[in-house]
Participant: 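One structure coming up, written as structure tokens, with questions to follow.
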Amino acid sequence: MARHRVPTPKTGYEDCILAVRDLVAEAERTADATGTVGVGIPGSPNPRTGLVRNSNAVLINGKPLGRDLEAALGRPVRIANDANCLAVSEAVDGAGRDARVVFGIIIGTGHGGGIAIERKVHAGFQGIAAEIGHYPLPWMRPEEFPGHRCWCGKHGCLDMYACGTGLELDYLTATGTEKRGADIIADMRAGEVAAVAAFDRFVDRLARSLALLTNIVDPDVFVLGGGLSNVDEVYDSLPGRITGYLFGDSFATPIRKAMHGDSSGVRGAAWLWQD
Ligand SMILES: [Zn+2]
């Protein structure tokens with residue numbers, strides 16, 4: 001019904017809480033009704049302490065975001081990781097609507113994942129289910145070892161490879177030239193050898209991850225979101241590549257583009273209240 005976006009306040013955590021409070025007030029004025037509040041965040045709340053961790057919006061890390069929002073809004077609030085929200089949004093009425101287990105994967109600025117089972121978030125006991133950005137690149141080759149150093153402090157995390165930033169880093173490493181992800185894709189389409197090779201490595205690395213996830217979770221569908229999910233060539237060669245890594249005879253799982261684009265995170269947050 002309405003869409004309103006504000007920049008994350010740079011002036012501190014308290015101002016973030018006030019910004020969310022004001023957004024809710026504005027939405028309720030627009031709708032002329034009061035409602036439930038769902039929030040999708042980078043990172044996730046620890047299910048036992050309620051404190052947020054792993055967020056690249058670092059000012060919410062270590063904070064009891066849920067409790068503070070509930071105090072500011074005077075009602076219960078549900079919070080989930082933004083990739084989990086993508087999975088829920090696509091499971092309820094998107095690209096995974098016919099599937100029982102939906103694995104949402106973001107290949108955008110960063111790399112992340114979320115699982116929806118029967119249209120509900122599967123956050124896990126630790127609250128970190130499907131945090132796939134920070135396990136190491138599977139089937140790492142000798143020339144890839146130990147992998148790029150990640151912002152999380154470890155080496156070789158998938159977040160350094162299977163996303164736009166990773167594609168740019170790979171191109172820079174191979175050629176010594178800095179190039180934006182969109183330009184690498186354009187040059188790949190134009191047949192530039194280095195861009196074709198970088199994109200090929202990107203798809204192969206993504207395939208390794210999807211093979212591993214299939215061996216563990218074996219979802220009914222993978223739904224891809226984020227900027228690189230709009231590159232049609234990703235879908236051409238991915239299934240064949242996955243088959244090569246899979247512990248199985250062939251890979252038949254559907255891989256679909258997110259239906260709701262970059263709205264899927266906020267839609268999924270709203271769907272946290274579908275009961
Ligand atoms: Zn990492």
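Counting convention: from 1, in listed order, for ligands and their atoms alike.
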Participant: Roughly how far, to the nearest 0.5 Å, is CG of L59 from OG1 of T8?
Facilitator: 7.5 Å
Participant: List in chain and number order the residues that pass side chain to side chain donor-acceptor pair (under 3.5 Å) with T11, two or more places apart in sequence or in another chain; answer none if no residue qualifies.
Facilitator: D15
Participant: Tell me every residue that passes ring-ring contact (aromatic ring centres under 6.0 Å, His included) with H134, counting only those two or more places apart in sequence or in another chain.
Facilitator: W151
Participant: Can you sort out the partners of Y171 under ring-ring contact (aromatic ring centres under 6.0 Å, His included), two or more places apart, ordered by chain and number?
Facilitator: none
Participant: Ignoring waters, how many N, O or S atoms from the protein are under 2.8 Å from the Zn ion (ligand 1)?
Facilitator: 4
Participant: Do the side chains of E90 and R119 get close enough for a salt bridge, i.e. N-O under 4.0 angstrom?
Facilitator: no
Participant: Does the distance from a Lys or Arg side-chain N to an Asp or Glu carboxylate O, for D68 and K63, drop under 4.0 Å?
Facilitator: no
